Amino acid sequence: MENILAAILFAVLTASGALGVSSLGMFLFHRNPEDRDSEQRERWEYGFFGLAGIVVMLLMWFAL
């Protein structure tokens with residue numbers, strides 16, 4: 001029980017890293033040939049959430 005804070009930080013690190021990497025993968029590989037405007041909007045969203053997830057992961061790594 002003495003390292004519960006480290007366990008919580010590690011859980012956040014793992015979750016944000018996984019979501020960040022998967023969002024960056026969707027940014028690279030997502031295609032919507034029917035609507036180019038929505039494809040660009042979705043790619044911006046995936047890029048933002050991917051980058052934000054990686055930043056949160058690095059902050060949690062620093063906090064550990």
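Computed from a prediction, not measured in an experiment: that's the story for all the values here. Counting from 1, the numbers follow the sequence of the chain as shown.
Identified under the side-chain hydrogen bond (donor to acceptor under 3.5 Å, both in side chains) test for residues 39-56, with sequence neighbours left out: His30-Glu42, Arg36-Glu39.
Residues passing the side chain to side chain contact (heavy atoms under 4.5 Å, CB included) test with Ser23 are Phe49, sequence neighbours excluded. Scored by the side chain to side chain contact (heavy atoms under 4.5 Å, CB included) test, Asp35 finds Asn32, Asp37, Ser38 as partners (sequence neighbours excluded). Residues meeting the side chain to side chain contact (heavy atoms under 4.5 Å, CB included) test with Leu58, sequence neighbours left out: Ile54, Trp61.
Apart from Phe62 itself, the hydrophobic cluster it occupies contains nothing, where clustering links Ile, Leu, Val, Met, Phe, Trp and Tyr at side-chain heavy-atom distances under 4.5 Å.
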Show me the donor-acceptor pairs within less than 3.5 Å that the side chains of residues 8-21 make with the rest of the protein, sequence neighbours left out.
from, atom 1, to, atom 2, distance (Å)
Thr14, OG1, Phe10, O, 2.9
Ser16, OG, Val12, O, 2.9
Ser16, OG, Leu13, O, 3.3
Ser16, OG, Met57, N, 3.4

